[in-house]
Each structure stands twice: as C-alpha cells, then as structure tokens.
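Here, residue 1 is the first one in the sequence, and each next residue gets the next number.
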Amino acid sequence: MAAPPARVPPPAAFRPHPHPLLLLRLRPPPARIFPACLPPPRCLRRLAVAAATATAAAASVAPDDISQLNYRLRAIARRRDAASAASTSASPVDPAQAEAYLRMIRDQQRLGLSQLRGDGGAGGEAELDADEEGGGERARKGMAAGSLLGHRVDPRELEPGEYVVHKKVGVGKFACISAEDGVDYVFIQYADAMAKLAVDQAARMLYRYNLPHEKKRPRNLSKLSDPSTWEKRRLKGKLAVQKMVVNLMELYLQRMRQSRPPYTKPVALDEFAAEFPYEPTPDQCQAFIDVEKDLTERETPMDRLICGDVGFGKTEVAMRAIFIVVSAGYQAMVLAPTVILAKQHYDVMTERFANYPDIKVAMFSGAQSKEEKDDLITKIKSGDLHIIVGTHAVLTERMAYNNLGLLVVDEEQKFGVQQKEKIASYKASIDVLTLSATPIPRTLYLALTGFRDASLMSTPPPERVAVKTYVSAFSKDRALSAIKFELQRGGQVFYVVPRIKAIDDVLQFLKDSLPDVPIAVAHGKKMSKNIQFAMEKFASGEVKILVCTHIIESGIDIANANTMIVQFAELFGLAQLYQLRGRVGRSEREGFAYLFYTDKSLLSRVATDRLGAIEEHSELGQGFHVAEKDMGIRGFGSLFGDQQSGDVANVGIDLFFDMLFDSLSKVDQFCLVPIPYKDVQLDINISPHLSSEYISYLENPVELLNEAAKAAEKDLWTLIQFTEDLRRRYGKEPRDMELLLKKLYVRRMAADLGVSRVYPSGKTIFMKTNMNKKVFRLMTEAMTSETHRNSLSFVGKEIKAELLVSLPDTLLLNWLFHCLADCYAVIPALVKY
Ligand SMILES: Nc1ncnc2c1ncn2[C@@H]1O[C@H](COP(=O)(O)OP(=O)(O)OP(=O)(O)O)[C@@H](O)[C@H]1O
C-alpha cells in the first residue's frame with residue numbers, strides 16, 4: 001500500500017489506533033466497532049448506532065471479525081512454525097515445494113514397500129491399502145492375514161476368550177471355530193448375539209484387540225444390532241490417524257524449508273574412522289553414510305533417527321557426526337537422559353577423541369557445583385569446549401554456546417515434555433541426531449521411510465553372542481548359583497528390582513550369602529553424585545554386584561557385567577525387560593539373564609505372555625520382533641511425538657496400524673487444490689457503498705480499493721497484510737468498508753478451499769467444491785464452532801450448509817465469513833497447498 005503523503009493530521013477520530021492484534025492480546029475483542037481508546041467520529045457514530053440496533057443475529061456478530069481472523073491465522077502460523085522449529089515465516093506451503101515433497105514421499109515409500117515385500121519391484125500402493133477394498137485385493141494376492149504388511153489375525157491362531165475387532169462390526173470375543181456342512185466358521189461373541197463368519201471372510205476382517213501399554217481397560221463388546229456406535233468409534237480412530245499423518249508431513253515439510261550450507265567433509269574423517277577398533281557392521285556402515293550425506297550433501301539441517309537394537313553400536317555413528325561438525329569449527333551437544341549415561345558417553349567420547357587434542361570434551365550435569373557449572377558455561381560460551389555431554393541440565397537458560405552445530409539426543413522419549421520442546425526448538429537452526437534403542441516395528445519403519453529420516457541398525461557386531469535367558473519362579477539358590485558362576489569367571493552382576501523398597505531385602509540377602517563381595521546400590525532417588533560414584537566403582541570393577549532399579553535400563557555399557565538377575569520380573573513391561581537384558585552380553589563374552597517371577601499362580605495372563613515373549617526372543621537382534629509383539633508402541637511414540645493412546649484404544653492397536661498404513665499410502669489424497677480467485681462465483685447480492693466522508697478521508701480511494709482487490713487475488717496473507725496496514729493508517733474502517741473487505745476474504749478463502757461457487761437457496765447455502773470427502777471430514781472434525789460444524793454436510797461435489805432461517809444478504813455474508821474462516825483455520829498447511 002502506498003504511504004499517504006505528509007498532510008494535515010487527520011481528525012482525532014480517524015487517527016490510526018494501536019495495532020488491532022495488540023488490542024486483541026490485551027483483552028477480548030470489544031463488541032463494538034471502535035476500540036475503547038478512541039471515540040468514533042461523528043459521521044461514523046451513526047453507523048455504529050445503526051449497527052447496534054441491527055437484528056439480534058447481527059448484533060451477535062463481533063464487528064471486528066476480521067482482526068479476530070487475522071489474529072487467529074497468524075497465531076496458528078506462529079504455533080506451526082514453533083512446532084516445526086521453522087523460521088518466522090507465516091507464508092503457506094509453496095505448492096511446487098509441496099508437490100516435490102509428495103513426489104519424494106511416494107518414491108521413498110514405494111522403495112520401502114518393495115523392500116518389505118522383498119520383491120525389489122515398484123508399485124506397492126495397492127498392497128498397502130488396508131481398507132475394505134485393499135483387504136480383498138491383498139487376500140486375492142495370497143498375502144496371509146497378519147503378514148508383514150498387515151496386522152490382521154489368522155482366526156486359527158486365536159484362543160477362545162481373546163478379544164478381537166471386526167472392521168465392520170466392532171469388538172467381540174472369539175469363541176471358537178467350528179465346521180458346519182464341511183465349511184469352517186468362526187464364532188464371535190458380541191454384546192447381544194453370537195456372530196458366525198466363514199473363516200476366509202474373518203481372515204480379511206479380524207484383528208486382535210490389543211491396547212497400548214497393556215493397560216487393562218473395560219472392553220465393552222459391540223452390539224451386532226447397533227453398528228452405528230462402532231462406526232462412530234472407527235471413524236474417530238481413522239480421523240485421528242489421518243490427522244497424525246497430515247501433521248507429520250507438515251512438520252517434515254516445514255523442516256525441509258530450513259537451510260544451512262552443507263559441511264565440508266573433514267580431511268581427517270577417514271583417519272578418524274580407521275581408528276574405530278572394530279569392523280563396523282553393515283548397518284553401522286549404512287548409518288555412517290546416511291549421516292555423512294545429511295551433513296555434507298544436504299542443505300537442510302539433519303533430523304535423523306538412529307534406531308538400533310541394544311548394544312549394536314549407535315554411539316560410534318554419533319561420534320562420526322560429531323567429528324564432521326566439530327572439525328568444521330562448530331560445537332556439539334550430547335544429551336543423555338540420566339547422569340549415568342551422560343558420564344558413560346563422556347568417558348567413551350573422551351577416549352575416542354583422545355588423538356585429537358584440539359577437540360575438547362566436557363561433561364555438564366546437575367550433579368556439579370554452581371562454580372563448576374559457571375566455569376563450564378564460560379568456556380562453552382568462549383568456544384574453548386567443543387563437545388558438551390550432559391543431562392537435561394545442559395538445556396538451562398543460562399547455557400550459551402559459541403557456535404553450536406549439532407545436537408545428539410540419546411533416548412529422546414525419556415525426556416519430559418518441556419525438555420522435548422526445548423530440543424525441538426534447537427531443530428530450527430542446527431543438525432540433530434536422535435539415538436533410540438527402542439526398536440520400531442520394521443513394517444512401520446519401512447512404511448514411514450518417506451516421512452522421517454531414519455537409519456535402522458539390526459545387525460549385531462560380529463562377536464556378539466545371544467544372551468541366554470531363563471524365566472522361572474524366584475529361588476534364592478538359583479539366583480546365588482548364577483551370581484557365583486559369574487563372579488568365578490571374573491565377571492560382574494546386575495541385580496535389578498522394580499521398586500526401591502525391594503532393594504533393602506535384596507541387599508540383606510546378598511550380604512548374608514556373599515559377605516566378602518563388594519556390592520553397591522543405584523536407584524533414581526539417590527543423589528546423582530552418589531549414583532555416579534556407585535556406577536564408577538562398578539564400571540571400574542571394584543564393585544562386583546550392582547543392586548539397582550531400571551535406572552540402568554538405557555545405554556549402560558559395561559563389558560565385564562554379563563549376568564543379570566531380575567527379581568519380580570512380572571512387574572516390568574516387555575520393552576523394559578528387553579532393554580534391561582540388553583545391558584549384558586555386550587562384548588564377546590556370553591551373557592545370562594535370569595528373569596524371576598514371584599509365584600506362577602499369581603501371574604496374570606499378560607505377564608505370562610510377556611515373560612514368554614522375552615524368553616522366546618532371545619536371539620540377537622530380536623528387538624524388532626519384540627517391538628512387533630509389543631506393538632512397538634513406545635517406538636511408535638518416539639516417531640510421532642506424543643502418544644495417541646486414547647485414539648488407539650478406540651479401535652485397538654492392530655487396526656490402528658492398518659489404518660495408519662492405509663493413510664500413509666494415500667497421503668496425496670489429503671490435498672486441497674485451490675481454484676483461481678477469479679473463478680469463484682459468489683452469488684450474494686452485496687455491493688457496499690462507502691460513505692462520501694470515508695472516501696474523502698482516504699488518500700486515494702480508487703487505488704486503495706484496487707489494491708484491496710489485488711491483495712485478495714494474490715493470497716490470504718497479502719489480504720491480511722493489506723487490512724492490517726489499512727487499519728494502522730486510517731483506523732478501523734466503517735461498516736460498509738468492513739463488508740467490502742469481508743466479501744474479499746470470503747472469496748479468497750473459498751478459492752483456497754477449492755470452492756468455485758457459493759449460492760444460497762432458501763435456508764441452505766451450497767458451495768460447489770473440488771474438496772474430497774476425506775479432507776472435508778478432517779476439516780469438520782477439527783472445526784472449533786459446533787454450530788458451523790453441525791450445519792455442514794458433504795453431498796456429491798458440494799458442501800451444504802443448513803441454516804435455521806434464511807438470512808438477508810449481509811448476515812449471510814457474515815455467516816459465510818465465520819464459517820469459511822473456521823474451515824480455513826483448521827486445515828493444516830500441507831492440505832491447503
Ligand atoms: N562393530 C562393532 N563390533 C564390535 N563391537 C562394537 C561395534 N560397534 C560398537 N561396538 C561396541 O559395542 C558396545 C555397544 O555399543 P554402543 O554403546 O554404541 O551401543 P548402543 O547401540 O548405543 O547400545 P544401547 O542402545 O544399549 O545404548 C560398545 O562397547 C561398543 O564399543
């Protein structure tokens with residue numbers, strides 16, 4: 001907008017008032033045309049009076065709708081940018097960028113899928129289709145239920161009493177399979193009747209009804225006579241999945257918009273690599289390549305997940321990344337969830353970088369004194385320290401880096417919400433490498449390859465021997481003989497219990513039985529200094545038995561400790577047991593894990609299954625199968641951020657995963673193709689006439705109106721900018737001008753929502769659109785105004801809005817403005833591109 005030339009100051013009434021956003025932030029928008037700080041000009045006061053005396057419906061419409069919408073959209077853009085750690089840009093996704101991104105996703109997915117099928121071919125989308133149609137397709141192609149790509153269950157594997165989900169009917173209990181006239185039928189008990197299904201049909205429709213976290217919840221059986229209740233539940237689950245996929249893509253895309261110059265490959269990298277004392281595993285090699293490419297070839301900051309089974313050597317991958325970044329003169333921060341782990345990383349890194357005296361490693365944790373910390377902060381700030389290893393204490397506001405380039409996060413899921421937010425905020429500007437020992441199910445990983453940069457490490461180092469796992473009822477004799485065996489071969493023992501209060505008894509029992517053996521204790525309630533002290537003594541070999549809680553679950557790497565006793569093993573989760581067991585057998589020496597439960601007769605079915613699973617999966621690299629078994633819910637959480645247990649519980653994990661794969665394969669259906677602004681036909685008869693007073697007050701009214709039209713034609717952000725500038729210069733516009741602006745907004749939003757024609761007919765407003773039903777459902781589900789949501793339906797190629805009464809044109813325009821604003825605001829940027 002052209003700046004008005006210098007002239008006599010306008011009458012006070014027209015003087016620009018503070019920025020509308022500022023006003024909104026200070027208090028809720030006033031239900032009047034003018035902000036309280038300014039009296040309306042006399043000429044406009046009449047309009048205000050007219051507005052105030054308008055119909056009740058009109059009065060209920062806040063006059064400053066436009067600022068509210070502008071504010072809402074800007075806030076959404078800011079939140080999105082913060083979440084995706086993007087810059088301050090509020091601009092929507094660029095269509096060309098989005099298209100390129102979608103193409104990339106499709107290609108990567110196709111690759112992942114063909115890998116999954118092991119056929120090396122392309123075109124896997126039909127197989128991914130887990131919806132009704134896709135299910136039939138897959139069955140025809142002979143893919144077994146419960147095969148790699150699906151989570152359906154073969155009814156013959158079910159046991160009587162098991163909860164199952166039938167896609168169309170809901171939750172029931174499997175009763176039996178019985179033959180009638182030579183045909184096998186599956187019988188499922190529902191709340192009101194017994195259902196009978198041919199086995200083949202059941203194989204296409206049935207899932208186990210597993211819940212996240214193995215939590216016990218009342219499982220209400222569905223009613224055969226009332227399919228609508230289940231349908232609603234299923235739809236809710238499906239929408240949750242779709243929202244998740246869209247949000248995930250959007251985050252990814254936003255991140256791809258960041259850029260930084262690629263790092264130069266350090267000349268000494270090969271030398272550094274050659275100093276690694278082992279032969280890297282094939283997966284390690286691939287991860288090195290992935291990370292090196294991210295850093296030295298890409299222009300977007302790295303955000304890679306290194307997902308590896310316990311003890312498979314993720315740390316070395318991180319150290320190579322650190323080497324590249326630090327060699328370029330940047331600093332690296334390594335974040336570990338516990339002091340013990342931070343200390344271990346510190347020791348490993350100090351040793352690994354020992355040949356490079358210019359690279360200085362430091363440890364920073366809450367256990368240090370204030371003086372120590374202050375001193376470290378000064379050195380970090382001045383750039384004297386290069387690798388800073390620490391716990392969440394490193395995230396303190398006081399921390400200031402000289403030139404931070406890389407963040408390595410170990411076990412991100414173990415950090416709290418606020419810390420995770422802080423970590424996310426780093427992603428704006430620096431490269432991030434996340435290490436996770438929680439394996440995600442392979443299927444999920446591959447299906448997600450297009451969405452998240454991840455390197456999977458599923459090959460064990462060559463000398464590794466599987467940990468021998470024994471599950472039995474607790475016996476002091478068995479525990480003692482296992483401990484003695486380990487001590488006799490010069491090794492050390494972890495003795496793990498689930499609760500701190502059990503530690504004293506164990507300690508007493510061990511001291512009584514092995515009076516000369518040095519024992520230490522580590523648990524989360526101990527001061528971190530004491531834990532560190534105990535761990536150091538254990539790591540150095542001075543202490544032979546460490547009695548502890550699951551605090552040692554992640555990352556601890558003590559080559560000489562190769563026997564683990566877990567008492568009250570029934571109280572640990574499957575993934576937790578897997579992680580714990582991973583603490584032993586981490587060198588070439590054989591490891592032993594004794595999982596003792598208290599009393600078999602008291603074991604729940606779930607606990608029995610869990611212990612059975614851990615015993616069964618004791619081969620090396622079984623983490624991925626365990627994760628499948630555990631439904632990888634924790635790994636799933638680490639991929640998607642906060643867990644959606646509620647949504648998952650609606651339909652059970654297995655069906656949720658199938659819906660997820662389905663959604664992933666159809667990402668490009670979540671797009672809304674905007675139509676050209678000029679093609680939007682708005683059949684509402686409003687042509688506001690601006691008052692001569694307002695026109696004469698405006699500097700160059702014709703040009704201004706043209707600018708308004710052009711801004712609307714360009715995009716919504718330009719229109720927002722235009723209105724804000726207008727108000728900044730001339731104050732809040734009178735009602736007629738507001739109507740004119742609203743008309744522009746309505747047309748602009750309609751164009752963005754793919755609406756080509758808006759026409760009222762009696763109490764109904766029809767909006768002809770190219771939007772598909774999926775996007776419509778996603779949108780209406782997210783709408784904040786229940787009134788608008790309930791009035792909308794999708795019929796054929798039209799969105800229909802049913803009003804209670806037929807409205808005059810001005811009110812109709814207001815209604816449309818509000819409704820489209822709500823629609824527009826809730827649709828994620830990627831869908832809108
Ligand atoms: N290729 C290899 N061959 C032999 N040993 C290796 C190899 N790579 C790493 N190691 C050793 O294996 C042990 C475990 O490695 P590391 O601590 O990196 O595992 P991790 O993947 O981080 O495990 P966790 O998830 O349990 O923390 C270390 O002692 C490491 O030196």
Side-chain angles (χ1 to χ4, degrees), residues 84-87 254-273 287-306 314-336 342 345-346 348-350 352-353 356-364 376-410 412 415 419-435 453 455:
S84 64
S87 64
Q254 294 287 347
R255 197 174 58 74
M256 298 221 323
R257 298 163 78 195
Q258 307 302 308
S259 78
R260 54 113 177 87
Y263 287 90
T264 324
K265 183 179 167 181
V267 269
L269 184 61
D270 292 341
E271 181 192 315
F272 180 77
F288 298 154
I289 295 172
D290 293 344
V291 168
E292 194 183 315
K293 275 195 174 164
D294 287 351
L295 292 172
T296 61
E297 290 178 19
R298 282 212 202 169
E299 300 213 328
T300 44
M302 168 172 77
D303 181 16
R304 180 169 292 274
L305 175 73
I306 304 289
K314 295 180 289 290
T315 320
E316 178 62 17
V317 180
M319 290 194 288
R320 305 248 173 135
I322 292 173
F323 189 79
I324 297 175
V325 170
V326 173
S327 302
Y330 290 87
Q331 292 169 304
M333 163 170 40
V334 180
L335 207 52
H345 282 318
Y346 169 71
V348 169
M349 294 193 183
T350 310
R352 185 75 175 89
F353 289 93
Y356 302 85
D358 289 346
I359 300 179
K360 301 251 163 35
V361 190
M363 158 106 183
F364 189 98
L376 281 170
I377 292 177
T378 315
K379 286 186 177 146
I380 293 168
K381 200 172 174 186
S382 65
D384 290 345
L385 295 172
H386 309 101
I387 305 173
I388 297 94
V389 186
T391 56
H392 62 273
V394 176
L395 301 173
T396 167
E397 293 298 326
R398 289 166 58 222
M399 184 60 80
Y401 289 89
N402 182 276
N403 202 1
L404 186 64
L406 173 71
L407 169 65
V408 175
V409 190
D410 197 2
E412 184 174 352
F415 289 93
Q419 293 153 357
K420 277 191 193 144
E421 274 173 18
K422 190 83 206 252
I423 292 169
S425 73
Y426 277 109
K427 293 184 183 173
S429 47
I430 63 167
D431 292 82
V432 179
L433 188 66
T434 312
L435 312 181
D453 292 329
S455 306

J.: Any chance you could measure His386, atom NE2, to Asn402, atom CG, to the nearest 0.5 Å?
T.: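 Separation between the atoms: 8.5 Å.
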J.: Using side-chain heavy atoms (C-beta onward) and a distance below 4.5 Å, is Val361 in contact with Arg352?
T.: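 No. Closest side-chain heavy atoms not under 4.5 Å.
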J.: Can you run down the side-chain hydrogen bond (donor to acceptor under 3.5 Å, both in side chains) pairs that involve residues 326-335, sequence neighbours left out, and say none if there aren't any?
T.: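 Listed once each, the pairs would be none.
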J.: Are the side chain of Asp290 and the backbone N or O of Ser455 linked by a donor-acceptor pair below 3.5 Å?
T.: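 No; zero donor-acceptor contacts below 3.5 Å.
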J.: In sequence, state the C-alpha distance, the side-chain angles, and the governing distance for Leu269 and Ile324, and then conclude on side-chain contact (heavy atoms from CB on, under 4.5 Å).
T.: CA-CA 7 Å; Leu269 184 61; Ile324 297 175; 4.1 Å; yes
J.: Ignoring hydrogens, what is the shortest heavy-atom contact between Ala362 and Leu385? Give both atom names and the distance.
T.: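 Minimum heavy-atom contact is CB-CD1, 3.6 Å.
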J.: Could you work out, with ring pair (Phe, Tyr, Trp, His ring centres under 6.0 Å) as the rule, every residue matching Phe272, not counting sequence neighbours?
T.: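 Ring pair (Phe, Tyr, Trp, His ring centres under 6.0 Å) list for Phe272, sorted by chain: Phe323, Phe353, Tyr356.
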J.: Could you state the interatomic distance from OG1 (Thr350) to CD1 (Ile359), rounded to the nearest 0.5 Å?
T.: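 Interatomic distance, Thr350 OG1 to Ile359 CD1, rounded to 0.5 Å: 12.0 Å.
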J.: Quick one, Ile387 and Lys360 - any side-chain contact, counting heavy atoms below 4.5 Å?
T.: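 No; the side chains remain at least 4.5 Å from each other.
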J.: Any donor and acceptor pair, going by atom type alone, linking the side chain of Arg260 with main-chain N or O of Arg298 inside 3.5 Å?
T.: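 Side chain of Arg260 to backbone of Arg298: a pair is present.
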J.: For Lys265, is there an ion pair with Glu292 - N to carboxylate O distance below 4.0 angstrom?
T.: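 Yes.
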J.: Please give me the minimum heavy-atom distance between Ala318 and Val408, naming the atom from each residue.
T.: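 Looking at all heavy atoms of both residues, the shortest contact is CB-CG1, 3.9 Å.
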J.: Could you tell me the separation between the CG atom of Leu305 and the CG atom of Leu435, rounded to the nearest 0.5 Å?
T.: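 Output value for this atom pair is 8.5 Å.
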J.: Hey, does the side chain of Thr396 reach the backbone of Ala393 with a donor-acceptor pair shorter than 3.5 angstrom?
T.: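 No, Thr396 side chain to Ala393 backbone: no donor-acceptor pair under 3.5 Å.
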J.: Taking all non-hydrogen atoms of both residues into account, name the closest pair between Val326 and Ala332 and its distance.
T.: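 Taking every non-hydrogen atom into account, CG2-CB, 4.1 Å.
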J.: Just how far is it from atom OG1 of Thr378 to atom CG of Asp384, taken to the nearest 0.5 Å?
T.: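 Going from OG1 on Thr378 over to CG on Asp384, the span is 9.5 Å.
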J.: So, taking the atom named CD1 in Ile289 and the one named CD in Glu297, what distance separates them when rounded to the nearest 0.5 Å?
T.: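 Here the rounded value is 10.5 Å.
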J.: Do Leu406 and Val432 come close enough that some side-chain heavy atom pair is under 4.5 Å?
T.: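 No - every pair of side-chain heavy atoms lies 4.5 Å or more apart.
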J.: Testing the basics here: between Ala321 and Leu433, what is the closest heavy-atom pair and its distance to 0.1 Å?
T.: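 Result for this residue pair: CB-CD2, 4.1 Å.
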J.: Please test Thr391 against Leu335 for side-chain contact (heavy atoms from CB on, under 4.5 Å), starting from the C-alpha separation and ending with a verdict.
T.: CA-CA 6 Å; Thr391 56; Leu335 207 52; over 6 Å; no
J.: Measuring from atom CG of Leu395 to atom CD of Gln419, what distance do you get when rounded to the nearest 0.5 angstrom?
T.: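 Rounded to the nearest 0.5 Å, the CG-CD separation comes to 6.5 Å.
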J.: So, for Asp410 and His345, which heavy atoms are closest and what is the spacing to 0.1 Å?
T.: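 What the structure gives for the nearest pair is OD2-NE2, 2.7 Å.
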J.: If only atom types and distance count, is the side chain of Asp431 paired as donor or acceptor with the main-chain N or O of Met302 below 3.5 Å?
T.: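 Checked: pair present.
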J.: Begin from the C-alpha positions of Arg320 and Val291 and carry the test side-chain contact (heavy atoms from CB on, under 4.5 Å) through to its verdict.
T.: CA-CA 8 Å; Arg320 305 248 173 135; Val291 168; 5.8 Å; no
J.: Evaluate Thr434 against Arg304 for side chain to side chain donor-acceptor pair (under 3.5 Å), listing each step before the verdict.
T.: CA-CA 6 Å; Thr434 312; Arg304 180 169 292 274; over 6 Å; no
J.: Would you name the heavy atoms of Ala400 and Ile380 that are closest together and state the gap between them?
T.: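 Here Ala400 and Ile380 meet closest at O-CG2, 3.6 Å.
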